[in-house]
Amino acid sequence: MILGIDTSLGTAVAVVESDGVVRAEASSDNPLGHAEVIGTLLETVMEDAAHGAIGQTAVAEPVALTHVASGMGPGPFTGLRVGIAAARAFALGRRLPVVAVPSHDAAALEALLAQDITDPYAEPARFAIVTDARRREFAYSVYDGLDDDGIPLRIAGPALAPRDAIDDVLAPFTAARRDVHVISAAMVGLLAGRAVAAGRELTGPEPLYLRAPDVTLPGAAKRVSA
């Protein structure tokens, strides 16, 4: 089983089985206050997951986690670092490996699975996941279906674009725009499971900030001549 955590938009936590069955999921849509809610959400999903899949009320059993999946963004600096730190701390405490997952890839997987349910015979159309990056900018990634491992095939991004220019930026890709306001932690976990099964690394250990943080370390003091 995999614990998925994402704080690139709101705060989301989930426990999923290796075959994709969702044991538990909890979230907060508030784009702020990640640190205030993530501990409670972790407690909630671990307690709920002990009773089986969502909707079941089996006798509680220990949740045998094998991995922790961390959504790596893109997203605002403060929100991302809260979720990534929580994922790494939880994994360290249980001696579990952390799987880094681009948050846009998880959103793309959710969109592709929903499309497959609606029309399993339709050829997936190219689309772009678009999320609010604040400062009058959007973050976007462009996808072209699933690859042989069941992982969304990203052909561009993640990158930033001004809000009033996003449609012009996407036009050359002929990609349908999909605005996303919530990242599913269950999809983060499911995507991590597919990556582990395929022996793949989806992204590196560094968060996908896309821009420098607002607060930076001060430089060396300037020397003042007499």
Side-chain angles (χ1 to χ4, degrees), residues 1-29 31 41 45 48-49 52-56 69 71-75 99 101-133 138-159 161 163 166-198 200 202-203 208:
M1 281 185 282
I2 299 175
L3 173 68
I5 298 174
D6 190 275
T7 54
S8 61
L9 293 176
T11 306
V13 183
V15 173
V16 299
E17 297 180 5
S18 57
D19 58 1
V21 174
V22 181
R23 280 290 194 102
E25 188 168 19
S27 64
S28 168
D29 295 339
L41 296 180
V45 298
D48 292 348
I54 288 179
Q56 295 183 358
M72 305 301 287
V99 182
V101 175
S103 303
H104 279 189
D105 288 9
L109 179 60
E110 183 172 28
L112 288 163
L113 292 179
Q115 179 177 308
D116 188 56
I117 292 173
T118 302
D119 189 350
Y121 301 104
E123 188 70 23
R126 183 177 294 179
F127 64 95
I129 295 296
V130 177
T131 56
D132 184 9
F138 284 125
Y140 70 91
S141 298
V142 182
Y143 297 88
D144 207 351
L146 295 171
D147 64 20
D148 292 340
D149 295 321
I151 293 172
L153 182 59
R154 179 163 21 99
I155 62 172
R163 291 192 182 189
I166 183 66
D167 292 329
D168 292 334
V169 170
L170 295 178
F173 298 104
T174 62
R177 174 177 166 178
R178 292 178 179 265
D179 290 86
V180 173
H181 305 286
V182 176
I183 300 295
S184 167
M187 290 296 111
V188 171
L190 176 57
L191 188 52
R194 294 187 176 189
V196 169
R200 291 173 55 180
L202 301 179
T203 188
L208 301 171

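The structure presented is a predicted model; accordingly, all values stated were derived computationally and were not measured.
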Could you walk me through whether D6 and V101 satisfy the side-chain contact (heavy atoms from CB on, under 4.5 Å) test, starting with their C-alpha distance in whole Å, then the side-chain angles of each, then the deciding distance to 0.1 Å, before giving a yes or no? CA-CA 9 Å; D6 190 275; V101 175; over 6 Å; no
Worked verdict on I151 versus L202 for side-chain contact (heavy atoms from CB on, under 4.5 Å): CA-CA 9 Å; I151 293 172; L202 301 179; 3.8 Å; yes
The test is side-chain contact (heavy atoms from CB on, under 4.5 Å); show your working for D132 and R163 and say whether it passes. CA-CA 9 Å; D132 184 9; R163 291 192 182 189; 2.5 Å; yes
What verdict does the side-chain contact (heavy atoms from CB on, under 4.5 Å) test give for H104 and R154, after you've listed the backbone C-alpha separation in whole Å, the side-chain angles of each residue and the deciding distance to 0.1 Å? CA-CA 9 Å; H104 279 189; R154 179 163 21 99; 5.8 Å; no
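When every heavy atom of T11 is checked against every heavy atom of T7, the shortest pair comes out as CG2-CG2, 3.7 Å. Residues G157 and S141 come closest through the heavy atom pair C-OG, 4.0 Å. Minimum interatomic distance between Q115 and P124 (heavy atoms only, all atoms of both residues): NE2-CA, 3.0 Å. For the residue pair L41 and S28, the shortest heavy atom distance occurs at CD1-N, 4.2 Å. Between A185 and A14, the closest heavy-atom pair is CB-N, 3.5 Å. Considering every non-hydrogen atom in both A139 and A133, the closest pair reads N-CB, 3.9 Å.
Of the possible polar contacts, one joining the S103 side chain to the G73 backbone as a donor-acceptor pair under 3.5 Å is found. Side-chain N or O atoms of R126 include one that pairs as donor or acceptor with a backbone N or O of F173 at under 3.5 Å. Side-chain atoms of D147 come within 3.5 Å of backbone atoms of D149 as a donor-acceptor pair (strictly under, hydrogens ignored).
The 12-atom threshold is not exceeded at CG of D148, counting heavy atoms of other residues, nucleotides or ligands nearer than 6.0 Å.
In summary, of the residues considered (T174, L170, V130), a side chain to side chain contact (heavy atoms under 4.5 Å, CB included) with V142 occurs for L170 alone. Across I129, V169, T131, a single residue satisfies side chain to side chain contact (heavy atoms under 4.5 Å, CB included) together with Y140, and that is V169.
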Donor-acceptor pairs under 3.5 Å, side chain of residues 187-195 to any protein atom, not counting sequence neighbours: which ones?
{"unit_1": "R194", "atom_1": "NH1", "unit_2": "G150", "atom_2": "O", "d": "2.6"}

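Side-chain contact between L3 and V13 is present, with heavy atoms from C-beta onward closer than 4.5 Å.
Atom CG of D105 and atom CG of L153 lie 10.0 Å apart (nearest 0.5 Å). Summarising the geometry, atom CG belonging to D48 is positioned 11.0 Å from atom CD belonging to E25; distances are rounded to the nearest 0.5 Å.
Remark: F127 engages Y143 in a ring-ring contact (aromatic ring centres under 6.0 Å, His included) (not counting sequence neighbours).
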